[in-house]
Amino acid sequence: MGKMKGTYGIVVLLLALLSVGAAAWLGVSRRPGSDVVAAAPEATSEAVARGHARHLPPTRGSSLYQYGHPAGRRFDPSQVFDPGPPPLQGATHGVREYTLVIEEDVPHEVAPGVTIPAWTFNRTVPGPVLRAREGERLRITLVNNGQLPHTIHFHGIHPSAMDGVFELVPPGGTFTYEFVAQPFGIMPYHCHSMPTQQHIHNGLYGMLIIDPKGGRPPMRELAMVMSAFDIDRDGEADFYAWNGRAFQYADNPIELQQGEAVRMYVMNIFEEAMVPHLHGNLYHLYPSGTSLVPAEFTDVKTLSIAERAILEFQYDYPGTYMFQCHVTEHMEQGLMGWFRVLEKKERARHPQP
Amino acid sequence: MRENPGHRSGLPPRALVWASAALPILLLVGIIYLFFVRGTGLDLVGSPAPIEKLEFERVELRPGEIRARVLNTGPGPVTIAQVQIGWLNRASWEFTVEPSPTLTRLGRALVTIPYPWTPGEPYEVVLITSNSLVFAHEIEIAAESPAPGPRLLAGFALLGLYVGVIPVFLGILWFPFLRSLPQHWYQFLLSLTVGLLVFLGVDALAEALEKADEVPGPYQGVALILIGVSLSVLGLYAVNAGLSRRRLASATASHGLLLAYGVAFGIGVHNLGEGLAIGGAYALGEVAVGTLLVLGFTVHNLTEGVAVVAPVVRSEFRRSHLVWLGLVAGGPTILGSLLGAFAYTALWAVLFLAIGAGAVFQVVIEITRYQLRQAGPTVLVSAPGVAGFGLGLLVMYVTGLFVTV
């Protein structure tokens with residue numbers, strides 16, 4: 001049994017050594033910041049602050065996607081949706097004609113590198129900006145080149161037969177909507193075929209601008225449709241966008257002149273409230289664009305579903321300014337862009353139209 | 001007809017034999033060709049939606065940075081086009097992909113996202129492919145991932161020491177006490193060991209099956225378990241057979257010692273898998289390895305030491321074997337927790353857990369046979385046999401209460 005005791009001694013010694021070593025290491029590793037074993041973090045505010053400071057990135061503000069240096073490196077400038085609406089040219093005999101061709105599963109780059117099969121008017125999302133003067137006859141021909149029946153439903157005042165709800169245009173079919181453009185304002189148009197949610201979500205929407213008979217004071221004009229895309233169909237949008245592509249005006253900023261009067265036509269076609277917001281500025285607000293007198297001077301206005309407004313503003317200082325949706329989720333998933341306001345020393349500060 | 005296996009004149013010539021062996025393969029190639037050219041009439045290739053699959057193998061949090069290692073387990077190449085980080089809602093974020101944003105089938109990539117995460121917050125890492133498919137990984141509670149360094153290596157080695165080595169040696173320290181027990185307690189001890197091991201084996205299998213879900217699809221987690229278990233059982237029998245032959249020649253080691261090493265090996269591989277799981281859970285930021293959990297494992301694994309020495313309680317052998325037995329059984333925990341912390345993938349954890357389970361079951365069979373040889377067929381249902389087995393299960397169950405989270 002003597003041999004046995006000897007071994008027992010060896011094992012005890014080994015364990016003692018292990019324990020001492022362990023305790024020593026434990027003492028070392030119990031220092032804050034390298035605690036491997038403990039589960040509960042220190043709860044003092046100081047520790048929290050220290051922990052946060054430790055996890056902040058080295059100062060490189062350009063690492064955030066939406067604040068990245070706007071060098072046009074992600075969205076090819078040639079793909080960017082032109083933010084300028086078409087100017088209102090003269091109509092022939094008071095009739096203004098448009099043709100809208102519907103196609104399905106048109107590849108649409110909704111965010112840099114991410115392509116979805118979109119349903120489109122004239123191969124763009126949103127569809128083209130249509131424009132007419134109040135009182136003119138609008139003659140809009142729908143050509144359905146898709147596999148499903150479609151319609152165009154216009155907001156505005158028109159007979160029920162022209163409402164784009166009762167007649168379904170079959171695949172391969174055409175239909176001409178004809179009505180008097182009224183009243184003046186921003187009138188959304190979209191497919192009203194069922195299920196309407198799917199037809200609108202997939203890209204069949206656009207903006208019709210009806211100008212007042214006497215026109216509006218000439219300004220630099222922008223047209224912006226706010227919408228969103230649920231690419232994995234989980235009931236939550238994955239990208240939000242000005243004019244159909246997330247971050248396109250972040251990558252390709254819109255240049256404005258210092259002191260230049262700007263009129264922005266804005267429309268929300270997604271089924272969430274959106275809040276257009278300008279940085280470094282406020283805007284005169286014309287709800288639905290149906291008045292010539294601004295209703296409000298503000299920098300946030302909640303546009304509910306299918307709501308639209310005209311925003312008029314000018315930048316007094318040169319520099320780069322964000323224009324965004326103030327719903328932070330929308331902004332961080334694409335509903336933001338930059339105005340690059342160029343210095344114009346020779347220009348008067350507040351030109352009167 | 002008279003059989004004449006040696007008679008070759010009736011057999012086809014050798015060339016024909018080879019041709020017949022090659023025929024099915026040639027036909028297979030032909031059929032595959034036909035299938036691709038003619039199809040089945042069903043549209044199998046142009047599916048309505050792109051089939052893409054990305055699996056997260058490992059997500060690490062570094063100061064100001066989230067790093068996701070992903071594997072393409074879909075049928076074709078996948079291109080990562082956008083990254084979003086979810087907090088309350090998701091936000092698009094800058095990112096880089098190495099070596100390339102396009103992953104071939106079973107290709108891997110490291111996605112680095114310079115995101116200023118803060119500790120204790122929940123996040124979601126969202127990868128969006130060029131075909132607009134969305135893959136997400138949830139970080140329940142953000143905490144900095146261990147980065148290899150001497151201090152951290154030491155920390156995880158220490159964790160392995162506490163969880164695996166120390167408890168096994170503590171159990172071995174009962175050896176003199178166990179040896180002092182009267183002769184008829186021996187069968188009780190062996191049955192106790194069998195009880196402990198059966199529990200351990202089933203536990204390892206259950207854990208392996210649970211982790212098998214996390215193994216990327218093409219690697220077939222459940223099949224890995226089958227392979228691990230069967231290879232370790234058969235492998236151990238092969239090793240034992242080899243050792244037995246040598247033992248007959250030298251006649252030094254006892255059968256009990258061989259069994260003890262079998263137990264130690266089985267427990268050792270099991271502990272390697274367990275260490276991988278613990279280290280991996282810590283590394284993935286999924287489970288905070290709390291003090292209570294570590295203590296629980298320590299108590300739980302104490303019984304492993306008893307299991308290791310039980311077969312040699314009545315044998316004569318060099319006592320230095322006790323140290324080796326302890327190291328074989330407990331040491332792999334250190335290795336496992338280190339590997340788990342710095343290179344965890346569910347695949348390895350599953351494989352080692354399965355090998356461990358197989359080894360444990362092999363030992364269960366061997367100890368039972370040993371008991372039957374020594375004390376006859378009634379030993380298993382005798383009072384000491386049943387009591388030992390039952391107590392073994394009970395001890396594991398009760399100590400297991402501490403380690404179940």
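No hydrogens, no waters, no symmetry mates; every other heavy atom, side chains included, goes into these values. Throughout, protein chains are lettered first and strands after them, A, B, ... in sequence-line order, and every chain is numbered starting at 1.
The CG atom of A:Asp238 sits 5.5 Å away from the CD1 atom of B:Ile128 when rounded to the nearest 0.5 Å. Interatomic distance, OG of B:Ser132 versus CD of A:Glu109, reported as 12.0 Å (0.5 Å rounding). Interatomic distance, CD1 of A:Ile231 versus CG of B:Leu133, reported as 7.5 Å (0.5 Å rounding). Rounding to the nearest 0.5 angstrom, the gap separating the CZ atom in B:Arg90 from the CD atom in A:Glu329 is 8.5 Å.
Here the side chain of B:Gln82 pairs no donor or acceptor atom with the backbone of A:Gly113 at under 3.5 angstrom.
Ranked by non-hydrogen atom pairs under 4.5 Å with chain A, the options B:Gly120, B:Ala81, B:Ser130 are led by B:Ser130.
More than 12 non-hydrogen atoms from other residues, nucleotides or ligands lie less than 6.0 angstrom from CD of B:Glu124.
Each salt bridge (charged side-chain N to carboxylate O under 4.0 Å, His left out) pair with one or both residues in residues 227-236 of chain A, not counting sequence neighbours, would appear here, but there are none.
With sequence neighbours excluded, the residues that form a side-chain contact (heavy atoms from CB on, under 4.5 Å) with B:Ala157 are B:Ile334.
Only the backbone of B:Thr129 comes within less than 4.5 Å of a heavy atom of chain A; no side-chain atom from C-beta onward does.
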